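Owing to the predicted nature of the structure, the values given are computational and were not obtained by experimental measurement. In this chain, residues are counted from 1 in sequence order.
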Amino acid sequence: MPEGDFEMSNNGKRIRLWVSYDGTNYHGWQVQNNGITIESELNRALTELYRQEIKVIGASRTDAGVHALGNVAIFDVNSPIPAEKVCYALNARLPEDIRVTRSEEVPRDWHPRKCESRKTYEYRIYLGEILPPVKRLYCHHVYRPLDVEAMQRAAAILVGEHDFKSFCQENAQVESTVRTIYSIELTRQGNVPGGEELAIRVTGGGFLYNMVRIIVGTLLEVGFGRWTPENVRRILEAKDRSAAGPTAPAKGLTLIQYEFAGEERKTE
């Protein structure tokens with residue numbers, strides 16, 4: 001059983017956390033032996049708060065350097081502390097680059113990985129000759145011109161249900177590489193001093209390891225004129241990681257939000 005997939009307790013109540021973080025200083029979400037992670041910091045803070053060992057289960061295991069505005073985690077506890085107050089107590093114990101923006105009680109059988117959901121990632125690219133220092137941790141710098149219209153045509157080919165094996169890191173252990181993408185939107189934001197930003201938003205029912213970053217790397221190859229949009233269709237059909245573009249750097253990627261079936265939409 002992979003670490004983090006332990007059985008939840010049968011006692012007390014189940015609490016859901018909405019978690020926002022700057023991933024720059026962390027080795028990703030999942031507990032690692034070689035460094036501090038978002039999950040390990042949450043476990044530490046919760047254990048300190050409740051004075052008993054608490055471990056969370058996260059909805060999405062973001063990679064090292066990836067950010068989030070709306071990741072989700074759950075834990076079980078037997079405590080009189082009101083669920084809606086937990087976020088304040090945790091934030092007093094967490095570093096400044098991790099914040100729990102909301103805490104709430106959910107049904108005992110609710111699990112973020114076992115219910116229908118969709119999530120949205122955004123990848124930000126800074127277009128300009130010189131990258132402003134304040135953008136260096138949150139944008140991938142591209143100083144060459146991009147054909148954004150061609151990138152949008154290529155992105156449209158990826159929308160829908162497909163076998164995304166070409167867009168999955170090699171040796172990833174998954175039962176199936178079939179996933180559904182609901183939308184990919186490319187938006188220019190030109191009011192940035194010295195250049196402009198390109199935001200690529202991808203919404204899907206689930207993603208493979210490094211899938212969004214590989215999609216971005218592939219779209220950039222189209223934007224540079226090295227490939228045509230039609231090449232993307234052939235990449236899908238190849239079902240071979242080596243056929244797709246490079247994996248874009250982690251720092252440009254942010255998990256924007258989760259939406260769970262039957263619940264009111266949560267905005268960032």
Counting only N and O atoms by type, is there a donor-acceptor contact under 3.5 Å from the side chain of [X] to the main-chain atoms of [Y]?
X: Thr120; Y: Thr203; answer: no
X: Gln152; Y: Glu185; answer: no
X: Thr47; Y: Arg44; answer: no
X: His162; Y: Phe164; answer: no
X: Lys13; Y: Val106; answer: no
X: Asn231; Y: Thr228; answer: yes
X: Arg136; Y: Pro133; answer: yes
X: Arg93; Y: Ala45; answer: no
X: Glu39; Y: Val31; answer: yes

Note, [X] side chain near [Y] side chain (heavy atom, < 4.5 Å):
X: Gln257; Y: Leu69; answer: no
X: Leu198; Y: Gln189; answer: no
X: Arg201; Y: Ile256; answer: yes
X: Pro95; Y: Glu41; answer: yes
X: Leu146; Y: Phe224; answer: yes
X: Ile184; Y: Leu186; answer: yes
X: Val202; Y: Glu122; answer: no

- request: Run the numbers on Met211 and Ile181 for side chain to side chain contact (heavy atoms under 4.5 Å, CB included), then give the verdict.
  value: CA-CA 11 Å; Met211 180 173 161; Ile181 290 181; 3.8 Å; yes
Assess the pair [X] and [Y]: is the distance between their ring centroids shorter than 6.0 Å?
X: Tyr138; Y: His67; result: yes
X: Tyr21; Y: Tyr26; result: no
X: Trp18; Y: Tyr258; result: no

- prompt: Between Ile235, Thr177, Val232, which is the residue that forms a side chain to side chain contact (heavy atoms under 4.5 Å, CB included) with Ser166?
  reply: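 Considering Ile235, Thr177, Val232, a side chain to side chain contact (heavy atoms under 4.5 Å, CB included) with Ser166 is found only for Ile235.
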- prompt: Under the criterion side chain to side chain contact (heavy atoms under 4.5 Å, CB included), which of Leu90, Leu17, Val19 is the partner of Ser103?
  reply: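 Of all the options given, the one that passes is Leu17.
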Hey, is [X] close enough to [Y] for a salt bridge, meaning N to O under 4.0 Å?
X: Asp163; Y: Arg179; answer: no
X: Asp63; Y: Arg213; answer: yes
X: Glu237; Y: Arg234; answer: no
X: Arg124; Y: Glu197; answer: yes

message: Restricting to side chain to side chain contact (heavy atoms under 4.5 Å, CB included), what partner residues turn up for Asp147, sequence neighbours left out?
response: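 For Asp147 the side chain to side chain contact (heavy atoms under 4.5 Å, CB included) partners, ignoring immediate neighbours, are Glu149, Ala150.
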Membership question, hydrophobic clusters at under 4.5 Å side-chain separation (ILVMFWY): are [Y] and [X] in the same one?
X: Leu137; Y: Val66; value: no
X: Phe207; Y: Tyr209; value: no
X: Leu236; Y: Val174; value: yes

message: Test salt bridge (charged side-chain N to carboxylate O under 4.0 Å, His left out) on Asp109 and Lys114; report intermediate values, then the result.
response: CA-CA 9 Å; Asp109 60 352; Lys114 297 179 181 179; over 6 Å; no
Can you name the closest pair of heavy atoms from [X] and [Y] and give their distance?
X: Thr101; Y: Ser20; value: CG2-CB, 3.9 Å
X: Ile214; Y: Gly245; value: CG2-O, 4.0 Å
X: Cys115; Y: Phe260; value: SG-CD2, 3.6 Å

State the [atom1]-[atom2] distance between [X] and [Y], to the nearest 0.5 angstrom.
X: Asn43; Y: Ile54; atom1: CG; atom2: CD1; result: 9.0 Å
X: Thr218; Y: Leu158; atom1: OG1; atom2: CG; result: 8.0 Å
X: Ile125; Y: Cys139; atom1: CD1; atom2: SG; result: 9.0 Å
X: Leu127; Y: Arg188; atom1: CG; atom2: CZ; result: 6.5 Å
X: Leu253; Y: Lys251; atom1: CG; atom2: NZ; result: 13.0 Å
X: Ile38; Y: Asp97; atom1: CD1; atom2: CG; result: 6.5 Å

Steps toward side chain to side chain contact (heavy atoms under 4.5 Å, CB included) verdict (Ile200, Tyr121): CA-CA 8 Å; Ile200 303 176; Tyr121 281 97; over 6 Å; no
Mark yes when over 12 heavy atoms from residues, nucleotides or ligands other than [X] sit less than 6.0 Å from its [atom1]; otherwise mark no.
X: Tyr143; atom1: OH; answer: no
X: Arg51; atom1: CZ; answer: no
X: Glu116; atom1: CD; answer: no
X: Glu161; atom1: CD; answer: no
X: Ile81; atom1: CD1; answer: yes

task: Take Val86 and Tyr50 through the side chain to side chain contact (heavy atoms under 4.5 Å, CB included) test and state the conclusion after the steps.
output: CA-CA 10 Å; Val86 171; Tyr50 289 109; 3.3 Å; yes
query: How are the rings of Tyr126 and His141 set relative to one another: parallel (under 30°), tilted (30 to 60°) or perpendicular (over 60°)?
result: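 Taking His141 first and then Tyr126, their aromatic rings sit tilted (interplane angle of 30° to 60°).
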Geometric class of the His140/Tyr123 ring pair [parallel <30°, tilted 30-60°, perpendicular >60°]: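 Aromatic pair Tyr123/His140 classed perpendicular.
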message: Can you see whether Trp110 has Arg16 sitting over its ring - NZ or CZ less than 6.0 Å from the centre and within 45° of the normal?
response: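 Yes, a cation-pi geometry.
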query: Do Ser60 and Lys119 meet the criterion of a side-chain donor-acceptor pair at a distance under 3.5 Å?
result: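 Indeed, the side chains of Ser60 and Lys119 share at least one donor-acceptor pair under 3.5 Å.
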task: Assess whether salt bridge (charged side-chain N to carboxylate O under 4.0 Å, His left out) is satisfied between Glu170 and Arg241, documenting all intermediate values.
output: CA-CA 7 Å; Glu170 290 182 302; Arg241 172 65 187 93; over 6 Å; no
message: Could you go through Trp29 and Leu42, starting from their C-alpha distance and side-chain angles, then the distance that decides it, and tell me whether this counts as side chain to side chain contact (heavy atoms under 4.5 Å, CB included)?
response: CA-CA 10 Å; Trp29 172 275; Leu42 288 171; 3.6 Å; yes
Verdict with reasoning, Gln32 to Gln30, per side chain to side chain donor-acceptor pair (under 3.5 Å): CA-CA 6 Å; Gln32 305 286 338; Gln30 190 174 356; 4.9 Å; no
